[in-house]
Protein chains: 2
Amino acid sequence: MADDTKQRLIDAAGEIFAEKGYEAASIRDICQRADANLAAVNYHFGEKRQLYVAAVRHAQCCRQEDVPFPEWPADMPAIDRLRAFIETMFARMLAGQRPRWHLEIMLRELARPTEACAAVVEDYIRPMANTLRGILRDLLPDGMSEEQRWMIGFSIVGQILFYYVHQPVIRLLIGHAGIETFPLDQLADHVTRFTLAAIGAGPAVIRSPSAVGSLS
Amino acid sequence: MADDTKQRLIDAAGEIFAEKGYEAASIRDICQRADANLAAVNYHFGEKRQLYVAAVRHAQCCRQEDVPFPEWPADMPAIDRLRAFIETMFARMLAGQRPRWHLEIMLRELARPTEACAAVVEDYIRPMANTLRGILRDLLPDGMSEEQRWMIGFSIVGQILFYYVHQPVIRLLIGHAGIETFPLDQLADHVTRFTLAAIGAGPAVIRSPSAVGSLS
DNA sequence: GATTATTTCAAACGTTTGTATGAAACAATC
DNA sequence: GATTGTTTCATACAAACGTTTGAAATAATC
């Protein structure tokens with residue numbers, strides 16, 4: 001029952017922090033949603049800030065088990081691994097899945113860092129970055145400079161994140177159905193082909209699928 | 001003197017809103033930075049929210065004159081216009097230029113919209129989107145679907161925005177010099193080449209130009 | 001220069017905020 | 001079953017918040 005309240009607090013706090021941001025989230029709101037007493041936060045966490053940190057840490061722990069991307073066989077071609085990487089990342093961002101606030105609160109942290117940011121980067125982002133860099137190492141010519149590899153990685157991740165971070169803009173820009181216009185696998189497919197073409201590992205992203213040819 | 005205070009309030013508010021977000025910014029802080037009396041906000045704007053809206057609107061007005069991208073000659077090739085578009089956008093995001101909060105507060109609004117978001121999109125974002133779409137219309141084959149053109153546009157903008165929005169992550173990831181590792185023109189060059197290659201209008205982004213071959 | 005209208009100011013208002021307290025309820029241990 | 005440690009609860013507190021007020025100060029109008 002003890003840890004139970006604590007966990008309920010973290011969950012409620014996570015939702016509200018992710019939704020409204022740190023300052024706008026009040027301890028009273030959080031406790032109410034957690035069915036806990038007002039004093040519970042200070043009893044279990046000492047202060048509001050620590051509850052926030054705990055929420056971020058929890059989200060990051062939960063999502064960490066995702067991080068070792070779907071075990072792909074050692075002999076899987078780099079191109080397919082890139083495709084799988086992009087698909088997985090998209091699925092995690094946009095799929096309806098488990099608590100939405102897990103991602104939300106971490107992305108908030110990454111865009112506007114507090115004390116918890118470094119930990120998120122090291123434990124959650126860095127492994128993903130390493131996975132991607134591993135793929136790119138196989139995919140790109142050896143002589144390529146470190147900076148250039150980073151930039152290509154950023155180009156990939158930037159494309160993916162855009163659809164999450166700027167969903168509201170997309171909705172306003174293309175109107176009606178908004179982002180639902182783009183089925184998830186279509187997005188993943190686009191980014192994959194866009195990227196592969198950019199690095200010379202696939203045909204250009206132009207109209208007819210006829211031009212696609214021998215990818216997978 | 002009257003409008004003067006009002007303007008000082010907007011400027012001070014813009015800085016603080018952009019830095020700390022709406023809730024965390026207190027009227028007292030704002031008035032202090034603006035050298036104005038505490039009651040000035042309510043006198044000139046009625047309430048805090050309206051001051052925020054005024055700040056966003058002001059930022060958007062100031063930046064709007066930027067929007068008609070550097071007049072390029074009618075006969076300028078689409079490829080060069082794309083390059084210019086990307087360079088300009090990068091320069092606006094990352095260059096040391098005028099009040100940083102202008103962009104900051106608008107991006108905040110775009111990522112986490114309030115009532116002012118729609119206006120920003122219509123007056124600031126939409127024209128940029130149209131410019132880009134014009135370029136892409138010339139650059140891409142005619143038969144390409146509407147959705148696909150949007151996705152390509154998003155792939156471009158996503159790459160650029162990434163360097164601004166996730167600067168803190170980049171800094172943590174690649175350590176030391178952080179984003180300063182990448183000179184501005186190098187970033188613009190990378191995104192341009194990456195994009196052109198992706199859509200089959202340029203050689204792949206790989207080290208040796210030898211592998212490029214007959215794409216364009 | 002008297003009379004307006006506009007703008008500033010210090011002070012106060014009522015809320016809401018995060019936090020603290022001490023008693024009650026509960027669980028565990030002996 | 002008494003004792004101890006843990007967790008909940010209602011309540012209180014001081015501080016900070018956005019907002020209001022009414023009187024000064026300033027500017028504008030005649």
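In what follows, chains are A, B, ... by sequence order, proteins preceding strands, each numbered from 1.
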- Query: Less than 4.0 Å between a side-chain N and a carboxylate O, is that true for B:R33 and B:D11?
  - Reply: no

- Message: Tell me the interatomic distance from B:D4, atom CG, to D:dA27, atom C1', rounded to whole angstroms.
- Response: 14 Å

- Message: Other residues, nucleotides and ligands only: do more than 12 of their heavy atoms fall within 6.0 Å of CD on A:Q32?
- Response: no

- Query: Is NZ or CZ of B:K6 both nearer than 6.0 Å to the six-membered ring centre of B:Y43 and within 45° of the ring axis?
  - Reply: no

- Tell me: OH of B:Y52 to P of D:dT19, nearest whole Å? 16 Å

- Task: Find the distance B:K48:NZ to D:dT19:C1' and express it as a whole number of Å.
- Result: 12 Å

- Give a yes/no on whether any side-chain N or O of B:T5 is located under 4.0 angstrom from OP1 or OP2 of C:dT8. yes

- Message: Suppose we screen for ring pair (Phe, Tyr, Trp, His ring centres under 6.0 Å). Which residues come up paired with A:W101, at least two apart in sequence or across chains?
- Response: none

- Message: Counting only heavy atoms and a strict 4.0 angstrom limit, can you tell me which residues of residues 32-43 of chain B come near DNA chain D?
- Response: B:L38, B:A39, B:N42

- Under 3.5 Å side-chain donor-acceptor pair for B:T5 and B:H44: no

- So does A:R100 pair up with A:E15, basic N to acidic O under 4.0 Å? no

- Message: Tell me the interatomic distance from B:E47, atom CD, to D:dC17, atom C1', rounded to whole angstroms.
- Response: 15 Å

- With B:Y22 via ring pair (Phe, Tyr, Trp, His ring centres under 6.0 Å) - residues at least two apart: B:F17, B:Y52

- Message: If you take any heavy atom closer than 4.0 Å to DNA chain D, which residues from residues 20-31 of chain B end up in contact?
- Response: B:A25, B:S26, B:I27, B:R28

- Pairing of DNA chain D as dot-bracket, 5' to 3': ( ) intra-strand, [ ] crossing, | other strand, . unpaired, with Watson-Crick or G-U pairs under 3.5 Å? |||.||||||||||||||||||||||.|||

- Testing A:T192, A:D189, A:T195 for side chain to side chain donor-acceptor pair (under 3.5 Å) with A:R83, which one passes? A:D189

- Could you give the CZ-to-C1' distance, from A:R8 to D:dT8, as a whole number of Å? 11 Å

- So with a 6.0 Å cut-off around CZ of B:R126, is the heavy-atom count from everything else above 12? yes

- For A:E23, side-chain hydrogen bond (donor to acceptor under 3.5 Å, both in side chains) partners two or more places apart: none

- Do B:C31 and B:N37 come within less than 4.5 Å of each other through their side chains, counting heavy atoms only? no

- Message: Under 4.0 Å from OP1 or OP2 of D:dT8: is there any side-chain N or O of A:H44 that close?
- Response: yes

- Task: Using whole Å, report how far NZ of B:K6 lies from P of C:dT8.
- Result: 11 Å

